[in-house]
2 protein chains.
Amino acid sequence: MLNFSTSEENYIKTIFHLQNGQNTVTTNALAEKLSTRPASVTDMMKKLKAKKLLHYQPYQGFRLSNEGKKVALDIIRRHRLWEYFLAEKLKFKWDEVHVVAEDQLIDKLDEYLGYPKSDPHGDPIPDSLGKMENSEQINLAELAVNKPAEVCRVVNQSDEMLELLQHKKITIGARVEIKRKFEFDHSIEIRLRQSKRNSSDQPSFSISEQLAKNIFVSL
Amino acid sequence: MLNFSTSEENYIKTIFHLQNGQNTVTTNALAEKLSTRPASVTDMMKKLKAKKLLHYQPYQGFRLSNEGKKVALDIIRRHRLWEYFLAEKLKFKWDEVHVVAEDQLIDKLDEYLGYPKSDPHGDPIPDSLGKMENSEQINLAELAVNKPAEVCRVVNQSDEMLELLQHKKITIGARVEIKRKFEFDHSIEIRLRQSKRNSSDQPSFSISEQLAKNIFVSL
DNA sequence: ATTAAAATTTAGACAAATCTAAAAAATACT
DNA sequence: AGTATTTTTTAGATTTGTCTAAATTTTAAT
Ligand SMILES: [Mn+2]
Ligand SMILES: [Mn+2]
Ligand SMILES: [Mn+2]
Ligand SMILES: [Mn+2]
């Protein structure tokens, strides 16, 4: 299914609701519902007709095509699942979920998540006042040999970087220890451990200086 | 704090990251990072300067003002909290959260919420194939006297309507029974019960035909 | 059947965000 | 210093979504 703009989605969703029962929707009714002007509605109807989302003959009103109805149901599904989430998980009142403001939502989400200190990449999350703690993290390239540490942050988050990390199985929270440093190309040999408990060690392997410089650890 | 467009927010967030350490950010660096053209960057810089979000003299590079930094931190907070939510609750891998597509997200959300059948207003939620069940709901205005039923849907969801419902304490899931119907104005006298168990009855009260017509119940 | 009113569409304009191509300024290089 | 290169800005278009005002079509009323 193609991708539609917020504006197009609004029109589609609203037509779906208005045409319930009635077989066509009028320009004025739609303009009224969307708090916009009839001329704007006509403009958009031409666009949606061109995209085959609705049937429309000038002066004759319009109704969604089957394709348009499919899109509408997808939009409605999204909308209602989010409303359910807001009410059920974030504890908004059922009559508030329509008009939740971004700031309010984020604060409730923060509360719901238990005020996490850092995101999945290890990046610190600012609190509601904008304060962001940066704990003492050191670059993996500068970690001393044989000093166990924990991967806590990955700076470069390009696809290429993340692909490499996944392949090497380096994840946030993993325990890591440098076994050797090579002067020639500044590559380092490291060993990962499953968890803090001394479970089965993995074999050691080497990573480039470039990769190491993008990984931060805490002791 | 004012409201900014998605585009403005992208610029602000990216400048924040780029200026870490450096004291100014260059036009080309920003264009590169945003995959846009230098000319577009200059255009936006004029706009953000006008809004006092950054310091900028032509040809001299730019940096966020204190106000701009505040906005950036707010954006970063939102972004990272959502990433945390995606990873922790919706179980996306930590290296997937950057590029989650809408469809995927919604399906995971659906799963996480336990495939709810209807939203907080009682509106049915279509499944991932677009199927939407409409259970036999009857209009409260047409419910027989002394026949207990459950409020399952509210059609008109205007602020005015929701305000009235809240005042009358009529909520989705509430048990309701019509005690009398008045022919004169078609108003009805109803009584609510706390739950399905026969707990303490509330006193009965009357509602207008107009309100009743917007409420649907199931038996 | 005319005329009046209402609904709808067209014409033309505007703001936001982007682009290409050309001009201007800053830097780098003999 | 004088020229070449790079960086940045301006000028002018384009796309999307909106608007007002005027024209057109449909519907309602005499
Ligand atoms: Mn809603
Ligand atoms: Mn992140
Ligand atoms: Mn991200
Ligand atoms: Mn709803």
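Throughout, a chain's letter reflects where its sequence line sits, starting with A, and its residues are numbered from 1.
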Problem - Under 4.0 Å protein heavy-atom contacts per nucleotide of nucleotides 18-28 of chain C, with B for base, S for backbone only and - for none - result: BBB---BSS--

Practice task
Evaluate the criterion side chain to side chain contact (heavy atoms under 4.5 Å, CB included) for residue pair B:H98 and B:E83; output intermediate values, then yes/no.
Solution key: CA-CA 8 Å; B:H98 267 302; B:E83 285 193 347; 3.4 Å; yes

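- If you check every strand for non-hydrogen atoms under 4.0 Å, A:F62 touches nothing.
- A sub-4.0 Å separation between OP1 or OP2 of C:dT9 and a side-chain N or O of A:K46 is absent.
- With sequence neighbours excluded, the residues that form a side-chain contact (heavy atoms from CB on, under 4.5 Å) with B:K168 are B:L164, B:I170, B:F205, B:I207.
- Rounded to whole angstrom, the span from the NZ atom of A:K49 across to the C1' atom of C:dT9 amounts to 14 Å.
- Nucleotide D:dT18 holds its P atom 8 Å from the CG atom of A:L34, rounded to whole Å.
- No close placement of the B:Y11 and B:F62 rings is indicated, their centers lying 6.0 Å or farther apart.
- Per the geometry, CZ belonging to A:F4 stands 14 Å off P belonging to D:dT16, to the nearest Å.
- Put simply, A:N28 has no side-chain N or O that comes within less than 4.0 Å of OP1 or OP2 on C:dA6.
- A straight line from CE of A:M45 to C1' of D:dT16 spans 15 Å, rounded to a whole angstrom.
- Residue contacts for B:T27: at a heavy-atom cut-off of 4.0 Å it reaches the sugar-phosphate backbone alone, with no base atom in range.
- Residues that satisfy the salt bridge (charged side-chain N to carboxylate O under 4.0 Å, His left out) test with B:K70, not counting sequence neighbours, are B:E67.
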Practice task
Given salt bridge (charged side-chain N to carboxylate O under 4.0 Å, His left out), test B:R78 with B:E9 step by step and report yes or no.
Solution key: CA-CA 11 Å; B:R78 282 203 321 250; B:E9 292 200 343; 2.4 Å; yes

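- Contact detail for B:S128 and B:D107: the closest heavy-atom pair is CB-OD1, 3.8 Å.
- At whole-Å resolution of the value, CG in A:L30 and C1' in C:dT9 are 15 Å apart.
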